[in-house]
Amino acid sequence: MKQQSLAIAADHSDSFDRNRRPTRRDVFLATSVTKRNFDLWRADHAPFVMHRSFNAMLTGRPGPVHVEIPLDVQVAVTEIDIAELAQRVPAGKPRADAQAIESALKLLLTAERPCIVVGGGTITSNASGELKRLVERLGIPVVFTWNGKGALPEDHAMNAGTVGWPGSLPGNTLASTADVVLLLGCRFTDWSASSWRKGVSFSIPESKLIQVDIDPREIGKNYPAEVGVVGDIRLVLADMNAGISDAQSHAVLARRTGFHDQLRRLWTEWDVMQAPRSDHDKMPTTMLRTLKELRKVLPRHGIVTVGSGHPQSSTKQDFPIDEPRTHITPGSYSPMGFALPAAIGAKLAKRDTPVVCIIGDGDFMMCMQELATCVAYDIPVVFLVLNNAGYISIRDGQDALMGRNIISEFKNQKTGQPSILSL
Ligand SMILES: Cc1ncc(C[n+]2csc(CCOP(=O)(O)OP(=O)(O)O)c2C)c(N)n1
Ligand SMILES: [Mg+2]
């Protein structure tokens with residue numbers, strides 16, 4: 001077997017110039033979606049390349065690394081020394097500059113209408129405990145982006161729902177009228193910032209921005225930052241918590257009671273707006289009613305993976321998430337074809353946790369062949385297919401922007417009727 005592989009390698013290397021350095025064209029596709037790229041063109045470079053890959057993948061803002069290994073290198077036999085990975089990656093996480101923490105605290109303590117925006121970085125840095133402490137000591141409402149959902153339980157009194165488009169009325173109202181915005185590990189994508197239209201989700205620079213990110217390149221990228229704090233979010237929040245005295249906490253909580261009343265009023269208003277769809281009791285049913293029923297039976301630690309289009313938006317707006325890493329969303333690129341394999345992956349990683357894939361009919365049809373994988377490998381995922389007979393989020397966008405729609409409803413072309421109706 002080994003001899004055969006080596007023979008293939010020899011054949012291959014005859015036509016392959018192993019001294020040719022990779023050009024930018026070779027790695028162009030991967031560079032746009034990864035942190036670093038390596039072309040491993042010598043087997044004895046493997047320890048160096050793999051250590052550098054793990055270093056890049058696991059440090060700073062974590063992300064994927066692409067390593068290309070040609071077949072002749074894959075089958076080559078060579079002598080190598082491998083050092084411990086622990087000796088090739090940093091110990092601990094970066095802590096922020098004390099002066100930046102102090103400036104941020106000064107703004108948060110004096111603000112009249114502060115708001116915390118929680119992005120996916122908060123969950124990546126396992127900052128939920130420190131976030132809850134800060135929120136409760138300062139009484140600051142929290143809004144979530146798609147990837148931030150779950151960082152704080154949504155039944156917490158300071159939950160203000162989601163921000164951006166789609167978002168919730170409390171989330172967008174509080175974020176857009178805040179005098180100080182504390183942003184935690186969020187890129188301000190077009191979705192989270194409602195295409196940056198002023199006053200819809202954010203009113204920065206009138207609102208002063210405290211931006212916390214482990215990646216310095218994010219600071220001030222889409223909005224000017226009054227205070228840019230570079231560091232691991234859990235450590236930054238721990239330092240902020242340590243800098244607030246009990247007396248400061250009591251004083252600021254007493255000052256913010258009227259502000260908290262407004263948050264409760266906004267939730268009542270939002271519930272009234274959503275009630276016709278979330279309490280709908282006729283058939284065909286609605287997405288919001290379906291999600292409401294799912295929430296009743298899925299335990300808090302149950303995982304949902306979510307498909308593009310209306311299922312992703314409705315889940316963001318009206319499906320409360322209470323624990324980190326239980327809401328797996330395709331995020332702001334929103335690729336169809338993600339939710340179904342993501343559910344399989346989640347179930348493989350957490351065999352004892354219930355996993356539900358909330359997915360539209362269009363998205364489901366992109367990769368439903370993978371159901372065979374679930375059967376072949378006994379992977380019991382629940383698929384909740386929200387069948388509205390079309391790419392209805394796209395149809396609605398076409399109607400709104402162009403006044404007509406095309407090729408977005410799965411109609412029977414003879415009868416003109418969709419096969420299944422649903423609101
Ligand atoms: C790979 C890919 N192609 C196209 C899109 C654009 N797109 C976003 S939502 C959507 C329709 C999704 O249909 P469905 O899953 O049935 O959800 P619905 O909006 O109908 O509830 C499309 C085509 C996308 N996000 N990803
Ligand atoms: Mg659909």
Side-chain angles (χ1 to χ4, degrees), residues 29-30 32-34 64 120 145-147 149 162 164-168 187 189-195 274 276-278 280 282-295 304-319 327-346 355-371 374 381-413 415-423:
L29 185 75
S32 56
V33 289
T34 56
T145 67
W146 249 320
N147 284 310
K149 253 175 105 76
T162 45
W165 190 90
S168 70
R187 292 176 297 157
T189 63
D190 52 343
W191 291 101
S192 299
S194 298
S195 300
Q274 301 298 77
R277 291 185 298 142
S278 57
H280 185 90
K282 299 192 178 54
M283 293 301 281
T285 189
T286 60
M287 279 192 191
L288 289 198
R289 177 65 200 273
T290 314
L291 292 178
K292 191 172 175 180
E293 296 304 319
L294 172 64
R295 192 61 282 184
V304 293
T305 72
V306 191
S308 308
H310 282 321
Q312 193 190 7
S313 308
S314 299
T315 305
K316 183 186 178 198
Q317 289 178 310
D318 284 305
F319 189 81
H327 173 246
I328 317 276
T329 170
S332 56
Y333 280 123
S334 190
M336 293 165 79
F338 166 85
L340 198 159
I344 294 176
V355 175
V356 178
C357 176
I358 304 171
I359 191 166
D361 49 326
D363 195 336
F364 185 67
M365 284 197 289
M366 275 199 158
C367 49
M368 63 186 177
Q369 67 275 21
E370 295 303 334
L371 291 184
C374 295
V381 171
V382 174
F383 293 97
L384 181 64
V385 182
L386 300 173
N387 184 356
N388 52 14
Y391 294 150
I392 299 305
S393 48
I394 297 296
R395 182 202 67 183
D396 292 350
Q398 290 173 338
D399 283 343
L401 295 170
M402 299 164 223
R404 67 178 189 121
N405 64 72
I406 184 168
I407 323 178
S408 44
E409 290 180 330
F410 304 158
K411 280 181 179 166
N412 179 319
Q413 294 303 310
T415 64
Q417 292 298 315
S419 49
I420 292 178
L421 284 167
S422 160
L423 297 176

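Side-chain atoms are counted along with the backbone in the values below, which use heavy atoms only and exclude waters and symmetry mates. Quick caveat, the model's predicted, so the values are computed rather than measured. All residue numbers refer to positions in the sequence shown, counting from 1. All ligand and atom numbering here is 1-based and tracks the order in the structure.
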TODO: Indicate yes or no: at least one non-hydrogen side-chain atom of F364 is less than 4.5 angstrom from one of L371.
DONE: yes

TODO: Kindly indicate whether the side chain of P64, heavy atoms from C-beta on, has any atom under 4.5 Å from the side chain of V33.
DONE: no

Identity and separation of the nearest protein heavy atom to [atom]:
| atom | answer |
| --- | --- |
| atom 19 (O) of ligand 1 | S393 OG, 2.7 Å |
| atom 13 (O) of ligand 1 | Y391 CD2, 3.4 Å |
| atom 5 (C) of ligand 1 | M336 SD, 3.5 Å |

Under 4.0 Å from any heavy atom of [X], which atoms of ligand 1 are there?
| X | result |
| --- | --- |
| N388 | 18 (P), 20 (O), 21 (O) |
| S334 | 24 (C), 25 (N), 26 (N) |
| G309 | 9 (S), 19 (O) |
| G362 | 14 (P), 15 (O), 16 (O) |
| M287 | 21 (O) |

Between ligand 1 and [X], can you find any atom pair, the residue atom being a heavy atom, that is separated by under 4.0 Å?
| X | result |
| --- | --- |
| R395 | no |
| G307 | no |
| G337 | no |
| L386 | no |

Open item on the list: I need the protein N, O or S atoms closer than 2.8 Å to the Mg ion (ligand 2), given as residue plus atom name.
Closed with: D361 OD1, N388 OD1, G390 O

Shortest non-hydrogen separation from [X] to [Y] and the atoms involved:
| X | Y | result |
| --- | --- | --- |
| Q317 | G167 | NE2-O, 2.8 Å |
| T145 | K316 | C-CE, 4.2 Å |
| V306 | P330 | O-CD, 2.8 Å |
| T286 | R277 | OG1-O, 2.6 Å |

[X] N/O under 3.5 Å from ligand 1 N/O:
| X | answer |
| --- | --- |
| M366 | no |
| I394 | no |
| D363 | yes |

Between [X] (side chain) and [Y] (backbone), is there a donor-acceptor pair under 3.5 Å?
| X | Y | answer |
| --- | --- | --- |
| E409 | R395 | no |
| S168 | T162 | yes |
| D361 | G390 | yes |
| R289 | H280 | yes |

For residues 331-339, which side-chain donor-acceptor pairs fall under 3.5 Å, sequence neighbours excluded?
from, atom 1, to, atom 2, distance (Å)
S332, OG, R187, NH2, 3.3
S334, OG, S308, OG, 3.4
S334, OG, Q312, OE1, 2.7

Open item on the list: Once rounded to the nearest 0.5 Å, what's the spacing between atom OG1 of T305 and atom CZ of F383?
Closed with: 7.5 Å

TODO: Applying side-chain contact (heavy atoms from CB on, under 4.5 Å), run through Q274 and D318 and close with a yes or a no.
DONE: CA-CA 9 Å; Q274 301 298 77; D318 284 305; 2.6 Å; yes

